[in-house]
There are 2 protein chains.
Amino acid sequence: MELFQGLSPVALADTMICARTHELRAETRIFYQGDGAARAYALIVGGVRISQSGSDGEQVVIRFVAPGEMFGTVALFTDRRYPAEAVTLTQSVALSWSEADMLELMTRYPRIAVNLVGILGRRLQEVQERFREIATQSVERRIAHALLRLAEKAGENTGQGTEIDFPLTRKHVAEMSGTTLYTVSRILTRWEKSGWIVTSNQRVTLCDFTRIIRIAEDGVD
Amino acid sequence: MELFQGLSPVALADTMICARTHELRAETRIFYQGDGAARAYALIVGGVRISQSGSDGEQVVIRFVAPGEMFGTVALFTDRRYPAEAVTLTQSVALSWSEADMLELMTRYPRIAVNLVGILGRRLQEVQERFREIATQSVERRIAHALLRLAEKAGENTGQGTEIDFPLTRKHVAEMSGTTLYTVSRILTRWEKSGWIVTSNQRVTLCDFTRIIRIAEDGVD
DNA sequence: CGTCGGTTTGAATATACTCAAAGCCCGTGG
DNA sequence: CCACGGGCTTTGAGTATATTCAAACCGACG
């Protein structure tokens with residue numbers, strides 16, 4: 001749990017006292033976009049998808065949350081409305097803190113604030129990179145990047161290669177890489193026929209990792 | 001200066017003591033992408049463009065910095081390399097702090113850290129929105145959004161309308177909205193012929209503000 | 001007056017989108 | 001245990017949108 005790294009045992013106890021625990025089944029909406037932001041969450045077990053939708057209903061996936069990461073935190077410090085919605089991918093467990101407690105903790109233990117700055121900084125850099133990619137690269141490269149990021153975050157090593165261990169539809173990949181589910185399907189089937197990847201039952205396994213990296217970097221296939 | 005808001009006069013004096021002043025002419029590179037991140041900056045006068053480039057040289061504009069804003073700050077708290085480059089648009093004045101001083105200040109006055117979290121949070125939200133736009137909207141809408149954001153940040157009210165008061169090439173608009181300078185040129189000339197905007201000498205003035213907003217929202221022209 | 005950076009414009013083209021239809025797989029319920 | 005239904009995926013054909021490349025143009029500044 002990066003946010004609380006470097007805290008004394010006493011401080012850690014303090015933070016746990018005011019935490020609330022949530023047990024959630026798959027496909028549960030934790031908060032909606034536009035809701036008043038009441039609490040900050042930390043994921044312990046499972047997976048969460050954060051998506052943002054525009055006025056027409058076009059959606060994009062902002063990120064996938066893996067165990068150990070925070071989500072819904074930013075809203076507390078900005079306009080107090082969640083700018084996106086959070087949905088569990090699988091059965092999950094999360095902790096949460098109220099806004100007041102969070103602020104209190106942060107002023108009592110500045111280290112938390114500094115940690116949070118680091119976390120947000122890294123997230124900012126990641127989105128900026130994704131922005132550059134979508135602005136300048138071909139769809140194929142973007143899809144490669146998307147899969148690599150997921151593998152990095154939630155990759156399980158199986159016999160066949162690295163499996164991204166939560167359910168992932170073509171639509172979601174499309175919403176991560178700024179394209180349509182049709183294009184994603186075409187490209188993934190091509191990769192599968194070439195043997196770079198295997199997909200089955202909404203699970204994607206990267207077999208030829210270096211090949212995918214090559215596509216992401218060079219755009220060569 | 002949002003970062004230091006809510007500080008006592010004493011604290012403010014402390015921060016100013018360790019600040020260094022920079023006077024910069026137009027088109028000066030303040031730092032390069034990949035440089036070891038030594039200092040955090042605050043812009044006092046002028047304008048700065050932050051751009052990121054990929055391995056091939058494709059560039060995007062991450063943001064324009066207006067007076068009162070910080071830049072180069074995130075890098076101190078992540079991997080200590082600037083993830084983008086900063087170039088002055090016009091003659092400018094900036095303050096800067098060393099990494100050590102900044103950390104020291106933040107732990108001494110937690111309020112600074114909390115402020116920074118708010119700033120980063122808002123920037124994160126903005127990039128995420130831009131990401132959604134570029135992923136789902138037509139080029140024309142994206143250009144409209146780009147101009148509106150600039151007008152919001154650096155709009156001067158003249159007789160003809162709202163002028164964006166720093167030099168802005170077609171190329172830069174393209175790099176903000178993820179398109180080519182040719183497409184930007186075509187669209188801006190069309191808007192100019194219709195009377196929604198006026199451009200001259202790298203200055204853009206939005207005459208029919210509501211029209212541009214309509215394009216940004218509906219995609220209607 | 002010439003040069004250079006920025007801009008406009010045209011024609012040809014590519015890339016990826018749209019829409020429609022069929023197929024597949026999985027879990028459910030009979 | 002098998003048949004059915006629903007969500008997800010595949011595939012094709014046609015097309016729009018925006019890119020690419022080339023060339024001319026404009027205007028500011030030395």
Side-chain angles (χ1 to χ4, degrees), chain A residues 25-27 49 56-61 87 89-90 133-144 146-147 164 166-194 197-205 215 219-221, chain B residues 25-27 49 56-61 87 89-90 133-144 146-147 164 166-194 197-205 215 219-221:
Chain A
R25 20 191 82 270
E27 296 288 324
R49 166 174 23 95
D56 329 4
E58 355 79 284
Q59 275 208 334
V60 294
V61 172
V87 177
L89 299 161
T90 58
E133 286 170 13
I134 202 177
T136 63
Q137 300 179 354
S138 72
V139 166
E140 185 159 27
R141 289 181 71 174
R142 276 142 51 191
I143 293 175
L147 294 190
I164 295 163
F166 46 64
L168 193 63
T169 67
R170 305 290 183 254
K171 185 112 212 293
H172 292 149
V173 177
E175 288 175 351
M176 295 181 66
S177 36
T179 179
T180 64
L181 76 105
Y182 308 104
T183 305
V184 171
S185 174
R186 282 182 233 275
I187 288 176
L188 290 193
T189 26
R190 184 144 54 78
W191 289 358
E192 187 153 22
K193 275 176 187 152
S194 311
I197 66 171
V198 173
T199 74
S200 117
N201 200 17
Q202 306 192 21
R203 303 280 161 164
V204 178
T205 308
I215 297 174
V220 183
D221 58 342
Chain B
R25 23 189 80 269
E27 295 289 324
R49 169 176 18 97
D56 330 4
E58 356 79 283
Q59 275 207 334
V60 294
V61 172
V87 177
L89 299 160
T90 58
E133 286 171 13
I134 204 177
T136 62
Q137 301 179 352
S138 72
V139 166
E140 186 159 26
R141 289 180 71 174
R142 275 141 52 189
I143 293 175
L147 293 190
I164 295 164
F166 45 64
L168 194 63
T169 67
R170 304 291 182 253
K171 186 112 210 295
H172 292 148
V173 177
E175 289 175 350
M176 294 181 67
S177 35
T179 178
T180 64
L181 76 104
Y182 308 105
T183 304
V184 171
S185 174
R186 283 183 233 276
I187 287 177
L188 291 194
T189 18
R190 183 145 53 78
W191 289 358
E192 187 153 20
K193 274 175 186 153
S194 312
I197 65 170
V198 173
T199 73
S200 116
N201 200 17
Q202 307 191 19
R203 302 280 160 164
V204 178
T205 308
I215 297 173
V220 182
D221 57 341

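Protein chains get the first letters and strands the later ones, always in sequence-line order, with residue 1 at the start of each.
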Considering residues at least two apart in sequence or located in another chain, which fulfil the side chain to side chain donor-acceptor pair (under 3.5 Å) criterion with [X]?
{"X": "B:Arg170", "result": "B:Thr199"}
{"X": "A:Ser185", "result": "none"}
{"X": "A:Glu27", "result": "none"}
{"X": "B:Thr205", "result": "none"}

What pairs with [X] under side-chain contact (heavy atoms from CB on, under 4.5 Å), at least two apart in sequence or on another chain?
{"X": "A:Thr169", "answer": "A:Lys171, A:His172, A:Gln202"}
{"X": "B:Ala144", "answer": "B:Trp191, B:Ile212, B:Ile215, B:Ala216"}
{"X": "B:Thr183", "answer": "B:Val139, B:Thr179, B:Thr180, B:Ile187"}

Position toward the 5' end of DNA chain C (nearest nucleotide), A:Arg142 or B:Leu168: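 Final value for this comparison: B:Leu168.
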Toward the 5' end of DNA chain C, by each residue's nearest nucleotide, A:Val139 or B:Thr169: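 This one resolves to B:Thr169.
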Pairs involving residues 177-187 of chain A, ordered by first then second residue, that meet salt bridge (charged side-chain N to carboxylate O under 4.0 Å, His left out) (sequence neighbours left out):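 Not a single pair qualifies under salt bridge (charged side-chain N to carboxylate O under 4.0 Å, His left out).
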A:Gly178 to B:Ala135 - nearest heavy-atom pair and separation: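 Here A:Gly178 and B:Ala135 meet closest at CA-CB, 3.8 Å.
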Estimated bend of the helix from C:dC1-D:dG30 to C:dG30-D:dC1 (axis per five terminal pairs, rounded to 10 degrees):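 Axis-to-axis angle, ends of the helix: 30°.
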Salt-bridge criterion met for A:Arg190 and A:Glu140 (N-O under 4.0 Å):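 A:Glu140 and A:Arg190: salt-bridged.
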DNA chain C-proximal residues of residues 179-188 of chain B, any heavy atom under 4.0 Å: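 Under 4.0 Å from DNA chain C: B:Leu181, B:Tyr182, B:Ser185, B:Arg186.
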Backbone of A:Glu133 reached by a side-chain donor or acceptor of A:Arg142 within 3.5 Å: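 No, A:Arg142 side chain to A:Glu133 backbone: no donor-acceptor pair under 3.5 Å.
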Chain A footprint on DNA chain C, 5' to 3' - any atom under 4.0 Å from a heavy atom: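 Extent of the interface on DNA chain C: C:dA16 to C:dC26.
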Positional range of nucleotides in DNA chain D within the contact set of chain A, heavy-atom, under 4.0 Å: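 Contact boundaries, 5' end first: D:dC8 to D:dA13.
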Any B:Leu188 side-chain heavy atom under 4.5 Å of B:Ile143 side chain: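 Yes, side chains in contact.
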Close side-chain approach of A:Arg49 and A:Val61, heavy atoms under 4.5 Å: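 Side-chain contact under 4.5 Å: yes.
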